[in-house]
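Structure first, then comments.
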Amino acid sequence: MNLTKLFETQAALDEHIMQEHPELKGQNNLDWKLLALQVELGECANEWRGFKKWSKDQEPRTHKVVHCHSCKGNGFFLGFQNAQEDCTYCEGTGVQEECNPLLVEYVDCLHFILSIGLELVINPTLDWDDITTDESDITRKFLEITSRILEVDQWENTDSWEELFEEFYLLGKLLGFKWDEVEDAYYAKNKVNHARQENGY
């Protein structure tokens, strides 16, 4: 895990957001980032679905196909005299992208956790090899992270942020993610977030 690189990448995105939204400069941005993290954590839980005991569909949402917006998922257009022409946008597949919605939401949380760490100017001293658990209750882990968010709000220090990050890291393990796939998804989503800023998202 290269936390330094993750922080540098997040700092560049945060700076881009500040450029696009100058009203955020020079003010305390911790409150809205903590709330945004809570919202994203709820969206992550929603994709996990394991807490939905009232539903017969508790399978995590780990695969989603987004059909090509250009050809409407057909993979082709009808050209001159109704001749089929492959869609150049999706190369005739009809698929714009495939993703893991649970991982996407987990990574959205990671963006805010890193941004909160930057806001607090923390200096993490975590030993990643020491982060282990024998817990298996994912619902409890979501609740523990919520408690840690509130502790960060109360204490605003490195220790509270590290405890939040540890619980979040363990949640990823419980959800079945390998850290390298989390980092890959983070960097991919970071590019999307930069593009959104460019496009007035």
Side-chain angles (χ1 to χ4, degrees), residues 1-45 47 99-131 133 141-175 177-201:
M1 176 184 300
N2 189 340
L3 197 56
T4 301
K5 184 179 176 191
L6 287 167
F7 271 124
E8 289 170 354
T9 304
Q10 187 62 45
L13 177 60
D14 285 1
E15 180 57 33
H16 193 170
I17 291 169
M18 291 295 172
Q19 289 171 359
E20 295 296 323
H21 302 277
E23 70 277 7
L24 297 175
K25 291 182 181 179
Q27 72 176 33
N28 179 354
N29 294 302
L30 184 60
D31 289 349
W32 66 263
K33 289 180 182 184
L34 289 168
L35 179 58
L37 175 55
Q38 288 179 318
V39 171
E40 293 298 342
L41 186 64
E43 290 177 8
C44 184
E47 295 298 348
C99 68
N100 178 338
L102 180 59
L103 179 58
V104 168
E105 296 302 338
Y106 183 82
V107 164
D108 285 348
C109 292
L110 179 58
H111 274 87
F112 282 107
I113 289 174
L114 293 169
S115 189
I116 289 163
L118 290 166
E119 196 76 24
L120 296 172
V121 193
I122 61 105
N123 185 16
T125 57
L126 291 167
D127 183 352
W128 305 111
D129 295 331
D130 289 343
I131 302 177
T133 186
K141 190 57 66 184
F142 274 105
L143 293 173
E144 287 172 22
I145 293 169
T146 301
S147 294
R148 298 294 179 256
I149 293 169
L150 297 174
E151 288 174 8
V152 169
D153 183 42
Q154 181 178 6
W155 301 110
E156 296 185 18
N157 62 26
T158 299
D159 289 344
S160 61
W161 183 89
E162 285 184 354
E163 289 173 8
L164 167 63
F165 192 91
E166 285 180 24
E167 296 297 340
F168 180 73
Y169 177 79
L170 292 172
L171 173 65
K173 282 184 159 184
L174 290 175
L175 294 174
F177 300 137
K178 304 284 185 245
W179 191 254
D180 57 342
E181 78 176 311
V182 170
E183 284 188 346
D184 289 346
Y186 169 83
Y187 292 120
K189 184 64 183 278
N190 191 274
K191 289 179 184 176
V192 169
N193 288 341
H194 274 287
R196 286 176 170 176
Q197 291 302 310
E198 293 293 329
N199 296 318
Y201 176 74

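Since the structure is predicted, the reported quantities are computational estimates derived from the model, not experimental observations. Positions are given from 1 along the sequence.
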Can a side-chain donor-acceptor contact be found between [Y] and [X] if the only test is distance below 3.5 angstrom?
X	Y	value
N199	Q197	no
E198	H16	yes
Y186	Q10	yes

Donor-acceptor contact below 3.5 Å, side chain [X] vs main chain [Y]:
X	Y	value
Q38	K33	no
N29	L24	yes
T9	K5	yes
W161	I113	yes

Ionic contact status for D153 with R148, cut-off 4.0 Å:
no
Considering only heavy atoms from C-beta outward, does the side chain of [X] approach that of [Y] to under 4.5 Å?
X	Y	result
L37	I145	no
F112	I149	no
L175	L103	no

Considering non-hydrogen atoms only, spot the tightest contact between [X] and [Y] and give its length.
X	Y	result
L102	C44	CD1-O, 3.5 Å
E183	N2	OE2-N, 3.3 Å
L120	N157	CD1-O, 4.2 Å

As an exercise, state the distance from CD1 of I122 to CD1 of I116, rounded to the nearest 0.5 Å.
11.0 Å
Those residues that, when tested against E144, pass side chain to side chain contact (heavy atoms under 4.5 Å, CB included) (two or more places apart)
E135, R140, K141, E167
Look at the aromatic rings of Y169 and W179 and report parallel, tilted or perpendicular, splitting at 30° and 60°.
tilted
